[in-house]
Amino acid sequence: MKEYIKSRLEALVSELFGLNLPPAKIEKPRNESLGDLASNVSFLIAKELKKNPQDIAQTIAKTLCKDDAFEEVTPVKGFLNFKFSEGFLLREFENLLKLGEDFFKEDLGKEERLQIEFVSANPTGPLHLGHGRGAVVGDVLARVLSFFGYKITREYYVNDTGRQVYLLGVSILYRYLQLSGSDCSDLKGVFEKEGYKGEYILEIASLLREHVGDLLLSSEGVLKARDILLSACFPFPLNYTALFKPFKDPQIELCSVFGLDFLMGEIRKDLSSLGVSFDIWFSERKLYEKRDVDKLLKNLKDFLYEKEGALWLRTSAFGDDKDRVLRKSDGTYTYFASDIAYHRNKYLRGFKKVINLWGADHHGYIPRVRAALKMLKIPEDWLEIYLIQMVRLFKEGREIKMSKRAGNFVTLRELIEEVGPDAVRFVFLTKRSDTPLDFDVDKVKEKSSENPVFYVQYAHARISGIFREFKNKWKVDPEEENFLPFLKYLNAEDEIKLIKKVLLMKDELKEAALSREPHIITYLLIDLASSFHSFYNRYRIVSGNREITSARIALLKGIRTALRLGLKLIGVSAPEKM
RNA sequence: GGGCCCGUAGCUCAGCUGGACAGAGCAGGGGAUUUCUAAUCCCCAGGUCGGAGGUUCGAGUCCUCCCGGGCCCGCCA
């Protein structure tokens with residue numbers, strides 16, 4: 001719809017004034033009674049022409065109102081207000097019925113390869129709510145962009161190396177030794193200070209003990225323990241354990257790899273219960289094994305220097321507050337080093353664009369990554385970064401705090417189990433992802449208008465119910481019947497309004513894709529559901545009049561197409577009955 | 001101290017790159033059911049858009065300062 005107006009304006013502005021169309025806004029006017037869409041073109045070209053915006057608007061309107069797509073084009077205080085004609089709307093709606101969801105499609109991506117990296121939570125504990133939000137936002141972004149013709153790769157960066165993985169091993173071994181009643185004083189200091197204290201560590205430790213008994217009490221038993229684990233049956237794959245080679249601290253090391261396997265299994269399980277999947281699980285370890293980090297340092301050699309035994313990168317010359325360490329004085333690399341290597345790796349894989357969703361606490365990290373990419377001569381707009389703000393959980397009016405240190409989690413899994421994946425997904429999309437979100441568990445469990453998930457799903461179920469009634473009464477299958485000849489009976493103001501709402505969704509969905517704001521879709525759905533519920537209460541759909549009934553069923557079919565598409569894009573089910 | 005985000009109706013928030021009289025939902029008040037699902041709908045009430053300046057034909061939207069709140073500032077990841 002917007003496209004249509006834009007193309008008309010473009011032609012007219014060059015024809016009437018010999019100008020190119022400036023990036024004019026075409027949007028809904030404040031007040032519906034003014035028109036369906038409005039544009040501010042006249043203001044934008046007024047300066048250049050040294051003319052009054054109202055006069056310009058008038059000139060444009062005079063020509064445009066001859067177009068039969070418009071019932072009227074009115075200039076008001078310089079604005080151009082467009083009101084579509086019924087004929088145009090019905091023609092478009094007919095297209096929608098013929099094409100189904102493809103009506104809303106547009107090839108924006110042209111098969112362009114685009115990568116979205118999201119979640120990427122460290123495999124040292126269960127996923128929490130913030131991760132879940134990132135998972136949903138990333139997944140929906142991927143769905144929407146695929147819908148608009150991009151070739152999307154969904155990727156999870158697995159931080160499977162470094163100190164945190166060592167600490168995971170220490171924590172598990174410590175608990176294992178405790179469970180065995182043996183001496184664990186060597187590890188106590190590290191564990192108390194930096195170890196992971198959540199209950200899941202105990203779970204892993206006792207699972208280990210169950211299978212390998214006392215074998216891990218000494219380093220001699222480690223290889224045997226590994227073989228026992230590999231031949232045992234677990235509900236998760238032993239990718240890391242299979243690669244285990246005993247070298248330094250073999251007991252800790254085995255605990256680390258087994259812990260990684262266990263936790264990655266849990267993470268995959270949680271994500272899949274949310275309906276989120278990945279194409280690639282990218283291992284940080286592999287970057288080191290494939291010497292990507294070493295190669296990176298060669299590429300960055302002009303910007304490196306040594307100080308106090310460490311290797312520094314001169315990021316401050318590219319907009320960062322200060323320089324950053326790549327190789328610590330103990331010879332190991334920082335997370336930042338492998339992360340740049342990872343971004344370089346993505347670039348070399350040929351993605352046209354890369355979207356990163358990070359936890360909001362990473363915002364200070366952005367300048368140094370951007371600085372490094374500049375050094376590598378990677379174009380600035382190649383990388384898009386969006387921050388996912390935290391989620392606070394409320395229950396019975398009180399916030400439920402989570403504390404990592406105390407090992408108190410409100411895990412994603414607990415939430416999914418309590419309210420179901422549909423509600424979790426929907427609520428995570430009710431606000432822009434860069435603002436904090438409060439999740440009220442009680443409201444989401446309510447079956448009322450306070451609960452937007454049910455509100456939208458109910459609209460879909462209601463339409464399904466009406467279709468059942470229609471089939472029952474008129475002995476006609478609404479799925480098979482050709483309703484196009486009946487569209488002409490749709491002429492009540494409320495019916496036309498609904499048609500417009502559905503048709504305009506096309507522009508809004510596109511907007512959601514381009515601005516990377518999937519939460520727009522939930523607002524669209526709520527709005528459409530609300531219009532439908534209102535219509536339902538005012539009009540009888542299945543009546544004794546064949547023409548009007550058929551026309552309204554056709555209208556509902558269009559609404560259903562839009563509801564289903566919206567729900568599909570946000571990954572929420574569209575129930576036939578509730 | 002520096003950086004990022006936020007402050008819109010009693011509460012939770014929309015308001016897109018400045019545009020036409022500031023919008024929803026909830027809570028509050030009043031109504032609608034011999035129904036195609038009331039998990040719904042309709043009506044009412046409620047705001048000096050944190051404060052002060054500035055830019056502009058025009059500012060909730062941009063700039064500066066101030067007040068209030070959150071997050072981040074490791075040779076951690």
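As the structure is a computational prediction, the values presented were derived from the model and not from experiment.
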query: So, does the side chain of A:Thr334 form a donor-acceptor pair with the base of B:C75 at under 3.5 Å?
result: no

query: What does A:Tyr523 touch in the nucleic acid at a heavy-atom separation under 4.0 angstrom: a base, only the sugar-phosphate, or nothing?
result: sugar-phosphate

- request: Give one of base, sugar-phosphate or nothing for A:Arg327, where a contact means two heavy atoms less than 4.0 Å apart.
  value: nothing

message: Taking the cut-offs as 6.0 angstrom to the six-membered ring centre and 45 degrees off its axis, would you call A:Arg546 and A:Trp474 a cation-pi pair?
response: yes

- request: Assess A:Lys197 against A:Phe191: is NZ or CZ under 6.0 Å from the centre of the six-membered ring, and within 45 degrees of the ring's axis?
  value: yes

task: Look at the side chain of A:Gln389 and the base of B:C71, then say whether one donor and one acceptor between them are separated by less than 3.5 Å.
output: no

- prompt: Which nucleotide sits closest to the side chain of A:Val325: B:C75, B:A77, B:U37?
  reply: B:C75

Proximal nucleotide (of B:A77, B:A39, B:A14) relative to the A:Phe454 side chain: B:A39

query: Using a cut-off of 4.0 Å on non-hydrogen atoms, how would the nucleic acid contact of A:Lys322 be classed: base, sugar-phosphate, or nothing?
result: sugar-phosphate

message: Is there aromatic stacking of A:Phe79 on B:A20 here, judged by a ring-centre distance under 5.5 Å and a plane angle under 30°?
response: yes

task: Using modelled atom types only, decide if a donor and an acceptor are shared between the side chain of A:Ser329 and the backbone of A:Gly309 within a distance under 3.5 Å.
output: no

task: Determine: side-chain N/O of A:Arg462 to OP1/OP2 of B:A38, distance under 4.0 Å, yes or no.
output: yes

- request: Report the distance from atom CG of A:Asp320 to atom C1' of B:G2, rounded to the nearest whole Å.
  value: 13 Å

message: Do A:Tyr523 and A:Ile521 have side chains that approach each other closer than 4.5 Å (heavy atoms only, starting at C-beta)?
response: no

field: Any A:Lys431 side-chain nitrogen or oxygen under 4.0 Å from OP1 or OP2 of B:C6
entry: no

Partner nucleotide, any strand, of B:G1 [Watson-Crick/G-U, under 3.5 Å]: B:C73

query: Does a side-chain heavy-atom distance below 4.5 Å link A:Lys471 with A:Val476?
result: no

- request: Assign the ring pair A:Tyr536 / A:Phe532 to parallel, tilted or perpendicular, where the plane angle (0 to 90°) is split at 30° and 60°.
  value: tilted

field: Short side-chain N/O contact to B:G19 OP1/OP2 from A:Ser39, under 4.0 Å
entry: no

query: For B:G74, does either OP1 or OP2 sit under 4.0 Å from a side-chain N or O belonging to A:Lys328?
result: no

- prompt: With a non-hydrogen cut-off below 4.0 angstrom, is A:Thr430 in contact with a base, only sugar-phosphate, or nothing?
  reply: nothing

query: Choosing from B:A14, B:A39, B:C36, which nucleotide comes nearest the side chain of A:Tyr458?
result: B:A39

query: Do A:Asn81 and B:A20 share a donor-acceptor pair, side chain to base, under 3.5 Å?
result: yes

- prompt: Hey, does A:Glu511 reach any base, or is it just sugar-phosphate, or nothing, if we go heavy atoms under 4.0 Å?
  reply: base

- request: Classify the angle between the aromatic ring planes of A:Phe428 and A:Phe439 as parallel (below 30°), tilted (30 to 60°) or perpendicular (above 60°).
  value: perpendicular

Distance below 4.0 Å between A:Tyr333 side-chain N/O and B:A77 OP1 or OP2: no

task: Taking only the side-chain heavy atoms of A:Asp361 (C-beta and beyond), determine which of B:C72, B:C75, B:A20 contains the nearest atom.
output: B:C72

statement: The Watson-Crick or G-U wobble partner of B:A38, with both key distances under 3.5 Å, is none

Residue A:Asn159, side-chain atoms from C-beta onward, closest of B:A20, B:U37, B:A77: B:A77

- prompt: In Watson-Crick or G-U wobble terms, both distances under 3.5 Å, what is the partner of B:U33?
  reply: none

- request: Classify the nucleic acid contact of A:Glu517 as base, sugar-phosphate or nothing, counting any heavy atom under 4.0 Å across all strands shown.
  value: nothing

field: Among B:G3, B:C75, B:U40, the nucleotide that comes nearest once only the side chain of A:His363 is considered
entry: B:G3

task: Return no unless some side-chain N or O of A:Tyr455 is found under 4.0 Å from OP1 or OP2 of B:C41.
output: yes

task: Find which nucleotide of RNA chain B each of A:Ala310 and A:Tyr536 is nearest to by heavy atoms, and output the residue with the more 5' nucleotide.
output: A:Tyr536

- prompt: Which is true for A:His533 with a 4.0 Å heavy-atom rule: it touches a base, it touches only sugar-phosphate, or it touches nothing?
  reply: sugar-phosphate

task: Could you work out the separation of B:U12 and B:G50 based on their P atoms and round it to a whole Å?
output: 14 Å

Complementary nucleotide for B:G10 - Watson-Crick or wobble, under 3.5 Å: B:C26

